[in-house]
Amino acid sequence: MTPETTAPERVQTAPLLVAAAGEKPSHTPIWFMRQAGRSLPEYRKLREGVTMLDACFNPEMVCEVTLQPVRRHNVDAAILFSDIVVPLVAAGIGVDIVPGTGPVVASPVRTSADVAALPDVTAESLRPVARAIGLLRNELGATPLIGFAGAPFTLASYLIEGGPSRHHERTKALMHSDKQTWHALLDKLAGITREFLRMQVTAGVQAVQLFDSWAGALSERDYRELVLPHSTAVLGALADSGVPRIHFGVGTAELLPAMREAGADVVGVDWRLPLDEAARRLSAHGEPAPVLQGNLDPALLLADFSVVEAEVRRIHEEGKAAAGHIFNLGHGVLPETDPDVLTRVVELVHSLEP
């Protein structure tokens, strides 16, 4: 690399983007879901007296929180500090993030009239997020920035249930008893999500991740009929964007081929399924070998480091069955995680032959 090489050119050769393209990077890239936030004392200090949503719409705070894990851990990517309900809030939908609970919806959406009343998101309402991305691009240099959004099904679940749900009973009842209203709701949410991700790409993110956190509650049949078309509408809209699209859900081992079909360049895998088995399932019907992301169990970060090291080495080896591997957790960093352990995991992954 010559001194004249520009930052955008250096970003394109970053290990995360090389691995996402199915090519061999200089080292296995690693980042952590929820790396920016609650496990870091500097984050907790910065957030004192500031609500989550206020923080998400404060460009300077978003920039600082996003940068904190990059500085501390030397991860191979930053992920925008935000929340999956941010575009809903920006659209004017009554959602709050209650500490200890999660997103809570003021007026749940359960009828066709409720769906028809949902507003659209505007570029102006998303301007603070776009400004934060601009600030980050000036700070990150050659480190890629990942943007993200919640998938239509997961957003719909929050809106229908009124908040987090263990069984998604109201969601499943609506999706089967009133399919017209269901598809209208997901079509609306797909539109909001598309605009949110397009804005992020235009503002400067170099990759995006679509979180379908609760899709694992569904059968493959229901997913394909009632969810896949809407996730495809989101990811398909970014097909010509030039940025890799990562698709991740929890408990989605049986859904991985369908989630890839939605338009994923990289398939995120939670800790329940070994990466070599995920690669086998995703290429079982003659499909090209996938690029995978994952999948250390975040709970194991609380174990003795000898346990962590053994698991990291196992996952790294299993990841070689894929066309490319981005090391990550199988879900987000737990609040009680020792940040020093995360730093040691990054150092270990970087030391292993890709």
Side-chain angles (χ1 to χ4, degrees), residues 14-17 19-20 25-48 52 55 61-83 136 139-148 206-207 209 211 213 246 248 250 266 268-272 274-275 292-319 325-354:
L16 180 129
L17 298 181
S26 56
H27 62 256
T28 300
I30 175 173
W31 67 280
F32 303 106
M33 288 181 279
R34 290 184 180 159
Q35 66 186 17
R38 52 196 184 171
S39 68
L40 299 181
E42 56 266 42
Y43 165 79
R44 293 193 293 269
K45 182 177 180 180
L46 185 66
R47 274 282 315 279
E48 286 179 0
M52 178 65 178
M61 186 170 288
V62 169
C63 181
E64 172 59 22
V65 174
T66 302
L67 290 171
Q68 286 175 348
V70 179
R71 296 192 198 108
R72 181 185 271 263
H73 304 311
N74 193 32
V75 285
D76 291 288
I79 183 165
L80 181 70
F81 175 71
S82 188
D83 189 273
L136 282 161
E139 295 287 340
L140 283 167
T143 301
L145 175 62
I146 302 171
F148 79 91
Q206 286 92 13
Q209 176 157 311
F211 284 86
S213 305
I246 309 168
F248 172 77
V250 182
V266 180
V269 183
D270 79 0
W271 69 92
R272 296 171 177 86
L275 292 182
L292 299 179
Q293 178 176 280
N295 66 341
L296 179 65
D297 186 340
L300 294 183
L301 293 172
L302 278 64
D304 184 86
F305 196 76
S306 62
V307 174
V308 177
E309 179 175 358
E311 287 295 293
V312 168
R313 291 182 181 275
R314 175 186 64 80
I315 291 164
H316 182 269
E317 189 62 29
E318 291 170 352
H325 178 209
I326 299 168
F327 201 101
N328 207 310
L329 303 181
H331 201 196
V333 175
L334 297 172
E336 56 269 38
T337 304
D338 182 350
D340 290 341
V341 173
L342 294 173
T343 303
R344 293 179 69 184
V345 169
V346 173
E347 292 170 349
L348 175 58
V349 170
H350 284 172
S351 73
L352 300 175
E353 183 69 24

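What's counted below: heavy atoms across the whole structure, side chains too, no hydrogens, waters or symmetry copies.
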Note to self: Quick check: closest heavy atoms across Ala78 and Thr143, and the distance to 0.1 Å?
What the structure shows: N-CG2, 3.9 Å
Notebook entry, point to check: Between Trp271 and Pro298, what is the shortest heavy-atom contact and its length?
Noted result: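 It is CE3-CD, 4.1 Å.
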Next item on the list: Could you check Glu317 against Arg313 for salt bridge (Lys or Arg N to Asp or Glu O under 4.0 Å), going step by step and ending with a plain yes or no?
Entry: CA-CA 6 Å; Glu317 189 62 29; Arg313 291 182 181 275; over 6 Å; no
Checklist line | Test applied, side chain to side chain contact (heavy atoms under 4.5 Å, CB included); reference residue, Leu40; option that passes from Arg47, His73, Lys45 | finding: His73
Once rounded to the nearest 0.5 Å, what's the spacing between atom [atom1] of [X] and atom [atom2] of [Y]?
X      : Y      : atom1 : atom2 : answer
His325 : Ile315 : NE2   : CD1   : 7.5 Å
Leu302 : Leu334 : CG    : CG    : 6.5 Å
Phe32  : Leu296 : CZ    : CG    : 8.0 Å
Ile146 : Leu80  : CD1   : CG    : 10.5 Å
Met33  : Ser213 : CE    : OG    : 9.0 Å
Tyr43  : Glu64  : OH    : CD    : 12.0 Å

Distance-only donor-acceptor check, side chains [X] and [Y], under 3.5 Å:
X      : Y     : answer
Asp76  : His27 : yes
His316 : Thr28 : yes
Gln68  : Gln35 : no

Margin query: Whether Arg344 and Glu309 form a salt bridge (side-chain N of Lys/Arg under 4.0 Å from carboxylate O of Asp/Glu) is what I want to check.
Written below: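 No.
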Check: Between Arg44 and Glu48, is the closest basic N to carboxylate O distance under 4.0 Å?
Finding: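 Salt bridge absent between Glu48 and Arg44.
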Notebook entry, point to check: So among Trp31, Phe211, Phe81, which one has a ring-ring contact (aromatic ring centres under 6.0 Å, His included) with Phe148?
Noted result: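 It is Phe211, the one option of Trp31, Phe211, Phe81 that forms the ring-ring contact (aromatic ring centres under 6.0 Å, His included) with Phe148.
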Side chains of [X] and [Y], heavy atoms from C-beta outward: is any pair under 4.5 Å?
X      : Y      : value
Pro29  : Pro354 : no
Ser39  : Pro335 : no
Ile79  : Thr66  : no
Val250 : Arg272 : yes
Leu46  : Glu42  : no
Phe305 : Val345 : yes
Asn328 : Gln293 : yes

Check: Where do Val70 and Asn74 land on the side-chain contact (heavy atoms from CB on, under 4.5 Å) test, with the steps shown first?
Finding: CA-CA 5 Å; Val70 179; Asn74 193 32; over 6 Å; no
Check: Between Leu301 and Glu336, does a side-chain contact (heavy atoms from CB on, under 4.5 Å) hold up when you go through it step by step?
Finding: CA-CA 9 Å; Leu301 293 172; Glu336 56 269 38; over 6 Å; no
Notebook entry, point to check: Is the backbone N or O of Val333 less than 3.5 Å from a side-chain atom of Thr337, with the two atoms forming a donor-acceptor pair by type?
Noted result: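 Such a contact is absent between Thr337 side chain and Val333 backbone.
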Check: Hey, mind stepping through Asp338 and Val341 against side-chain contact (heavy atoms from CB on, under 4.5 Å) and telling me if it holds?
Finding: CA-CA 6 Å; Asp338 182 350; Val341 173; 3.8 Å; yes
Check: Under the side-chain contact (heavy atoms from CB on, under 4.5 Å) criterion, do Asn295 and Leu275 qualify, and how do the steps go?
Finding: CA-CA 7 Å; Asn295 66 341; Leu275 292 182; 3.6 Å; yes
